[in-house]
Amino acid sequence: MDARETGSAPRITVDRDRCIGAGQCVLAAPEVFTQDDDGLVDLLPGHEDAAGDAHVRDVPMACPVQAVTISDG
Ligand code: SF4
């Protein structure tokens, strides 16, 4: 089944309460993730649905505190 057809495309979510500012997400996918002035993760606008990107798929494993999750719909 194609997720796009069901309207349940994977989504990236970030938990800023967990984030410790390690920066692994930004290193892995700088086109999707950024860090604010406090070093906490933020998604760049319009990239919440970039979960299919191979670099983004690596981020949940790379983050040391599991602050980034990809939901499969
Ligand atoms: S890798 Fe995890 S802890 Fe580090 S900045 Fe990204 S979300 Fe935060």
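Computation of the quantities below employed the complete heavy-atom set of this structure, encompassing side-chain atoms and omitting hydrogens, waters and symmetry-equivalent molecules. Just so you know, ligand 1 is whichever comes first in the structure, and atom 1 is the first atom listed for that ligand.
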**Student:** How long is the span from the CE atom in Met61 to the CD atom in Gln66, to the nearest 0.5 Å?
**Tutor:** 9.5 Å

**Student:** Starting from atom 6 (Fe) of ligand 1, what is the nearest protein heavy atom, named by residue and atom, and what distance separates them?
**Tutor:** Cys25 SG, 2.3 Å

**Student:** Taking 4.0 angstrom as the limit and counting only heavy atoms of Ala22, give me the atoms of ligand 1 inside it, by number and element.
**Tutor:** 3 (S), 4 (Fe), 5 (S)

**Student:** Distance-only, no hydrogens or angles: does the Arg18 side chain make a donor-acceptor pair with backbone N or O of Val65 under 3.5 Å?
**Tutor:** yes

**Student:** Should one rank Val41, Ile20, Asp36 by closest heavy-atom distance to atom 3 (S) of ligand 1, which comes out on top?
**Tutor:** Ile20

**Student:** With rounding to the nearest 0.5 Å, note down the distance linking SG in Cys25 to CG in Asp42.
**Tutor:** 9.5 Å

**Student:** Nearest 0.5 Å please: distance from the CZ atom of Phe33 over to the CG atom of Leu43.
**Tutor:** 5.5 Å

**Student:** Which is it for Val26 and ligand 1 at heavy atoms under 4.0 Å: side chain, backbone, both or neither?
**Tutor:** neither

**Student:** Are any side-chain N or O atoms of His47 and backbone N or O atoms of Glu31, one a donor and one an acceptor, separated by less than 3.5 Å?
**Tutor:** yes

**Student:** Below 4.0 Å, non-hydrogen atoms only: which portion of Leu40 touches ligand 1? Side chain, backbone, both or neither.
**Tutor:** neither

**Student:** For the pair Arg57 (side chain) and Gly52 (backbone), establish whether a donor and an acceptor sit closer than 3.5 Å, ignoring hydrogens and angles.
**Tutor:** no

**Student:** Quick one: OG on Ser71 to CZ on Arg11, what's the gap to the nearest 0.5 Å?
**Tutor:** 7.5 Å

**Student:** Within 2.8 Å of atom 8 (Fe) of ligand 1, is there any N, O or S atom belonging to Cys19?
**Tutor:** yes

**Student:** Determine whether a donor-acceptor pair (N or O, by modelled atom type, separation under 3.5 Å) exists between the side chain of Asp38 and the backbone of Leu40.
**Tutor:** no

**Student:** Which of the atoms of ligand 1 are close to Val68, meaning less than 4.0 Å from one of its heavy atoms?
**Tutor:** 7 (S)

**Student:** Could you list the atoms of ligand 1 found under 4.0 angstrom from a heavy atom of Val65?
**Tutor:** 3 (S)

**Student:** Can you list the atoms of ligand 1 that are under 4.0 Å from a heavy atom of Ala67?
**Tutor:** 7 (S)

**Student:** Looking at ligand 1, would Val14 count as a contact under a 4.0 Å heavy-atom criterion?
**Tutor:** no

**Student:** Treating His55 as the side-chain partner and Asp53 as the backbone partner, does any N or O pair qualify as donor plus acceptor under 3.5 Å?
**Tutor:** no

**Student:** Using a strict 4.0 Å cut-off to heavy atoms of Gly23, name the atoms of ligand 1 that fall inside it.
**Tutor:** 4 (Fe), 5 (S)

**Student:** Quick check on contacts: which atoms of ligand 1 are under 4.0 angstrom from a heavy atom of Cys63?
**Tutor:** 1 (S), 2 (Fe), 3 (S), 7 (S)

**Student:** Below 4.0 angstrom from a heavy atom of Gly21, which ligand 1 atoms are there? Numbered from 1 as shown, please.
**Tutor:** 3 (S), 4 (Fe), 5 (S), 8 (Fe)

